[in-house]
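The figures here come from the full heavy-atom set of this structure, side chains too, leaving out hydrogens, waters and symmetry mates.
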Amino acid sequence: EAIFLGKQAVNTLQSMRGKQRGMSKELQQFFLKKNEDDYRSLADLLIEAGRLSEAQQVLTMLKEDEYFEFIRRDAGARTNLATTVGYNPSEARWKERYDEIATRLVALAQEKAVLEKKKSAITEPERQRIEQLNADLAVGRQAFTAWLDEVHREATEPGEVARQGLYDVAGARDLLRELGAGTVLLHYVVAAEKLHVILTTPTIQVGRSVTVTDKELNQEVFAFRETLRDPRKDPLPTAQTLYRRVLQPVAEDLKQAGAKTLMVSLDGTLRYIPLAALHDGTHWVAETYRVVLFTEAGKHRLKDRPSPEWSVAALGLSRAVGDLAPLPYVKEELRGIVKQAGIEGGVLPGTVRLDDQFSRQEFGKALQEDKRVLHIASHFVFNPGTVVDSYLVLGDGQKLTLQEVRMQDVRFDGVELLTLSACETAVSETRPGSGRELEGFAMEAVRQGAKGILATLWPVADPSTCEFMRTFYRLHGEGQGLSKAEALQRAQLSFLQGTKATGKDAKRPTDRGVLTLEASTVPSQSAGQQPDSKYPYAHPYYWAPFVLTGN
């Protein structure tokens, strides 16, 4: 209830800020400073409830300037003044009913106030009208009280808790044996007072638990995510705190099992963070393990053998669309991925559809082509609330919403890898009380047939993303027999260690050097500076948002 009413308050403040555009900057800043506690209180409530995307949206409104000067594929942070907090389906129903009642009550009260100002000059018909207005207002107040009761009842109903389905032990072991040595399965379950970890290997299944409340975990996840989203902040303290929660309980078990690839089923707010960016005090997890997200929807495709050679259908948006910034590096990114006549640097054979060529019709044609990889580089807007409000921006400026993907049965059958080189395509939002998730673009694509998804967890930088994608495809395609997970890990290490973006030059995890804070040039939080040019992309902001899901 407090979250819903807090949203109404903040959206009212946002409406007032929108009308202040002609005022001086000092007055606008004073207004925001005076009311920022309302924003922060709502954000705190949302974090405690595990609704991190919404909390991030609220706190973004308090930022006068963007974090960074370089271009981000962040279509959701265009104008803080114009942003409002979205409502989930339950809240939208409450607000619609509230608006009906409030509009009626305000109109009645205003009419009554005008008549009562006449005092002794009031006529008999007007006195009768006041009596009728009093009766109507009483009915309206009853309706308002009933509405409050309805909101309270729905907001406090115990929800259906949906947990990730666990394989039977025998079935899980059979799967892991087929996937090869070194692959293990980790299931996480977030409970009110504990975090449970279930580790399954080809030979055993063990469970470990950590005492931590879900609210404490939510706060720590949000703090970690905040440091990862800003390359000026030092991520090590929060990365190590969460490592102790999430992986340290099974660290010895993983070592004894000879684990190399972690298939991970995440629960709750753990979905918002990349495990590869956790830190054990000496190394990043990416240096030790390959991490792949496991989903029930895609489990039956895990054993499909990949094609030895890839071809790609690449689609992108480089120009400005409306108030969305242009993405000039997208053109370079696609050129670096697709082999084209007269253009050097391509890695895979395929086709390119850029800007107006990337229409809804051409997107459909790309899905029909016999291509193993579908690469999409564009803006993606993830708005917490409903599938209607989250959408991919096509090259001709049209929007492809998550609802359309779901309802129009957009099929990704035959696609071995769908790469979503856009912002927050891997993010999902937990609906309050129900345990059910509003899945992001990546999970929708898994349901619609894609075998593997490479997506992102936060707004990514245009130049570094271009380089990362070229590195990933080059590593996979150099004939070394690397899996998708191995190629992703090598690309991450090339950013971490400042090595050349080739399979021959990128260090293998087994012969890595020990990374220290100085070696990886992660700046301290107080330094407020960019990483040293020797390792321009060493901060996890640049290499950790890319997560692999599925086969």
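Every residue two or more places apart in sequence or in another chain was checked for a salt bridge (charged side-chain N to carboxylate O under 4.0 Å, His left out) with Lys331, and none qualifies. Here Glu1 pairs with His152 under the side-chain hydrogen bond (donor to acceptor under 3.5 Å, both in side chains) rule; sequence neighbours left out. Judged as a side-chain contact (heavy atoms from CB on, under 4.5 Å), and not counting sequence neighbours, the contacts of Thr123 are Pro125, Glu126. When the side-chain contact (heavy atoms from CB on, under 4.5 Å) test is applied to Arg360, the partners found at least two apart in sequence or on another chain are Leu394, Gln398, Leu400, Glu404. Residues passing the ring pair (Phe, Tyr, Trp, His ring centres under 6.0 Å) test with Phe546, sequence neighbours excluded: Phe468.
A side-chain donor-acceptor contact under 3.5 Å links Thr227 and Thr238. For the residue pair Gln8 and Tyr87, no side-chain donor N or O sits within less than 3.5 Å of a side-chain acceptor on the partner. No donor-acceptor contact under 3.5 angstrom links the side chains of Gln132 and Arg129, judged on distance only. Judged purely by distance below 3.5 Å, without hydrogens or angles, the side chains of Thr465 and Glu333 never pair a donor atom with an acceptor atom. Side chains of Ser359 and Asp396: no donor on one and acceptor on the other come within 3.5 Å.
The two residues Asp462 and Tyr329 come nearest to each other via the heavy atoms OD2-N, 2.9 Å. Closest approach of Leu293 and Leu266 over heavy atoms only: CD2-CD1, 3.8 Å. Gly316 and Val330 make their closest contact through CA-CG1, 3.9 Å (heavy atoms, listed as atom of the first residue, atom of the second, distance).
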Side-chain donor-acceptor pairs under 3.5 Å in residues 140-149, sequence neighbours left out?
from, atom 1, to, atom 2, distance (Å)
Thr145, OG1, Arg141, O, 3.0
Trp147, NE1, Trp94, O, 2.9

Run the numbers on Arg127 and Glu131 for salt bridge (charged side-chain N to carboxylate O under 4.0 Å, His left out), then give the verdict. CA-CA 6 Å; Arg127 185 175 290 108; Glu131 292 178 1; over 6 Å; no

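With salt bridges taken as basic N to acidic carboxylate O contacts below 4.0 Å, one links Arg319 and Asp356. Taking the charged nitrogens against the carboxylate oxygens, Asp99 and Lys95 do have a contact shorter than 4.0 Å, which makes a salt bridge. With respect to Glu150 and Arg153, no salt bridge is recorded, no charged nitrogen being found less than 4.0 Å from a carboxylate O.
In summary, the aromatic rings of Phe495 and His539 are positioned with their centroids too far apart to meet the 6.0 Å limit.
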